[in-house]
Amino acid sequence: MTMATPCPRTPRLIDFGDLPTPPSALFRDYVASRSGALEFFASDWSPDAILEAARRAVSHERPRAAVAKALVRQQSARGARAAECAARSLADDRCIAVVTGQQPVLFGGPMLVLYKALAIRRLAAFLRERWDGPVVPVFWIASDDHDFEEVRTITVFDAEERPGELRYAPHDDPGGRPTSSIVLDATITETLNILRSLLPRTSWSDALIDQLAAAYQPGRALSDAFGLLLSALTPDVVLLDPGDAALKSLMTELFVREAVERSPVSRMAAGVGERLRAAGYHEQVPLRSGYLSLFWSEDGARRALAVHADSIEVRGTNRRLSFDDLASLVRARPEHWSPGALLRPLAQDLLLPTAVYVGGPAEIAYHAQLGAAYADFGVSRPVVFPRPSVTLLTPSNVRALESERLSLTQALGDVEQLVSERARQEHPAVESSFASIRRALEREMSTVSAAVSAVDPTLEAAAETTLGRAWHPIAALHEKALRAVKRREQTRATRLRRAHDMLLPGSELQERRIALCSYLARHEPSWIGDLEARLDPWARAHQVIEL
């Protein structure tokens with residue numbers, strides 16, 4: 001079975017507000033460069049703004065040589081020669097970075113992971129023509145994250161384009177462990193065999209399975225496996241694993257300040273959060289009072305740190321530390337500490353000369369709360385760039401939409417309502433006959449109501465109740481007739497539901513649920529480059545690409 005590669009068509013666009021579950025008003029206003037949202041960011045996301053952010057990035061002192069050395073070592077360990085060469089460029093004082101990131105996920109995760117990687121490559125290429133110095137795309141692997149439930153499952157669609165969940169279930173539940181310390185056991189091979197049985201057999205599917213098996217091996221950390229796969233798919237992108245002890249040592253003073261000053265980043269983010277709410281926007285990170293945006297990893301577990309008047313409590317243990325002791329521990333063993341959601345962007349841009357950061361709606365909303373913290377910590381603030389938001393249409397999806405004369409926004413709506421509407425349209429006599437009897441019943445009961453009300457006005461309400469009771473069995477018959485129509489239209493209903501499940505699996509956008517391996521199995525290796533060429537990173541709307 002051989003699948004076609006994409007044809008060079010321009011993507012169609014759907015306004016973010018027209019999506020079934022639109023992103024936040026803050027995100028939509030930022031994408032549209034509306035002034036109310038822009039006041040929470042360093043600038044808009046125009047080319048001029050990016051170049052200005054690049055100038056700010058190179059003007060700040062940072063440990064360039066040490067970061068470059070660590071990243072060269074990481075790329076070398078993955079055998080990524082192009083990325084290793086790019087990592088060396090980070091030591092250059094004129095070098096800037098285009099950065100994105102994602103937590104490690106089973107078998108590469110959903111399509112948005114690939115969209116992020118392709119976006120930073122496109123933007124890096126754009127900036128190289130405009131910047132007097134090296135431009136390096138960097139993908140931050142969030143290996144400190146510890147939400148195993150979120151990363152253990154992917155949604156795969158099979159040869160018949162039916163989506164289904166694939167779940168990695170190791171012998172021992174690693175709940176609470178960062179992905180850098182979740183070591184894959186023998187059950188990953190069983191999970192890979194299930195994936196093999198689900199994916200369609202194409203000229204490239206066996207090679208994809210071999211590639212996945214080479215990365216996701218028993219005995220390897222989940223974050224390392226994710227990095228190996230992503231490096232193979234985008235070999236010129238520098239992959240940064242922040243769990244590296246050498247990199248953690250460069251974040252030490254950031255961690256110490258967060259601890260000793262009792263989470264200044266949280267206090268400043270809370271203040272901006274109040275301004276966001278006052279402006280009619282949401283607060284992406286509702287802060288829990290009394291916690292640091294810093295975690296301590298010990299014996300494999302990542303633990304929250306609660307602030308008390310005179311000490312820090314390591315949650316889940318009986319241990320308390322004075323602020324001085326905590327600072328000493330951070331400086332002595334920085335590899336045991338990791339930033340929380342609010343502190344992570346500061347750690348990232350402390351290490352990297354970030355001109356532009358590519359993020360999704362939630363990540364952009366995080367950044368809206370961090371302007372004061374960037375200024376206070378003396379870290380140059382990058383331009384925040386919306387990652388491409390994309391729905392891919394397979395040929396069967398296109399045929400289904402065309403045969404039903406549906407727009408994509410209709411197909412993304414309530415599928416059961418759509419099935420009913422199409423059934424009614426194909427059997428108009430059913431609808432017209434019931435509409436006719438309703439009109440007749442309402443007309444005759446209106447006459448009756450007028451007559452009895454003339455005799456006794458209190459009988460008008462009784463007449464209305466009688467109408468409802470009279471209509472009830474007719475409405476029940478109407479519903480039974482519609483169900484019969486739907487049964488006769490089962491083929492059409494199946495086609496509509498299948499197309500809907502592909503476009504909006506689990507009521508989420510396809511990019512957030514469908515695993516990238518579902519598409520990689522259907523297309524030759526050059527497909528990634530074809531897709532990259534067709535993505536428009538500057539689009540201010542959701543993109544629809546026909547395959």
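Please read all numbers here as calculations on a predicted model, not as lab measurements.
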Participant: So that I know where these two stand, are Phe16 and Phe27 an aromatic pair - ring centroids less than 6.0 Å apart?
Facilitator: yes
Participant: When you compare the side chains of Tyr374 and Asp349, does any donor N or O come within less than 3.5 Å of an acceptor on the partner?
Facilitator: yes
Participant: Would a 4.5 Å heavy-atom cut-off, applied to side chains only, mark Arg513 and Pro110 as touching?
Facilitator: no
Participant: In terms of side-chain heavy atoms, does Ser89 have a donor or acceptor partner in Asp92 at a distance below 3.5 Å?
Facilitator: no
Participant: Hey, are Gln369 and His367 close enough side-chain-wise for a donor-acceptor pair under 3.5 Å?
Facilitator: no
Participant: Does the pair Trp337 and Phe255 meet the rule for a ring-ring contact (aromatic ring centres under 6.0 Å, His included), with working shown?
Facilitator: CA-CA 8 Å; Trp337 307 83; Phe255 295 166; 7.8 Å; no
Participant: According to side chain to side chain donor-acceptor pair (under 3.5 Å), who are the partners of Ser389, at least two apart in sequence or on a separate chain?
Facilitator: Glu511, His542
Participant: Decide if atom CZ of Arg512 counts as having more than 12 heavy atoms of other residues, nucleotides or ligands within a radius under 6.0 Å.
Facilitator: no
Participant: Is the shortest side-chain heavy-atom distance between Leu352 and Leu240 below 4.5 Å?
Facilitator: yes
Participant: Check step by step if ring-ring contact (aromatic ring centres under 6.0 Å, His included) holds for Phe157 and Tyr519.
Facilitator: CA-CA 9 Å; Phe157 63 86; Tyr519 291 98; 5.1 Å; yes
Participant: Restricting to ring-ring contact (aromatic ring centres under 6.0 Å, His included), what partner residues turn up for Trp140, sequence neighbours left out?
Facilitator: none
Participant: Do Lys248 and Ser338 come close enough that some side-chain heavy atom pair is under 4.5 Å?
Facilitator: yes
Participant: State which residues pass side-chain contact (heavy atoms from CB on, under 4.5 Å) with Thr100; sequence neighbours excluded, sorted by chain then number.
Facilitator: Lys116, Ile120, Phe139, Val358
Participant: Return the set of residues passing side-chain contact (heavy atoms from CB on, under 4.5 Å) with Glu313 (not counting sequence neighbours), or none when no residue passes.
Facilitator: Ala306, His308, Arg315, Arg320
Participant: Quick one: ring-ring contact (aromatic ring centres under 6.0 Å, His included) partners of Phe377, sequence neighbours excluded?
Facilitator: none
Participant: Using salt bridge (Lys or Arg N to Asp or Glu O under 4.0 Å), reason through Arg344 and Asp145 one step at a time and then give a plain yes or no.
Facilitator: CA-CA 11 Å; Arg344 181 188 297 159; Asp145 282 10; 2.3 Å; yes
Participant: For Phe126, which residues count as a side-chain contact (heavy atoms from CB on, under 4.5 Å) partner, sequence neighbours excluded?
Facilitator: Pro47, Arg130, Trp538
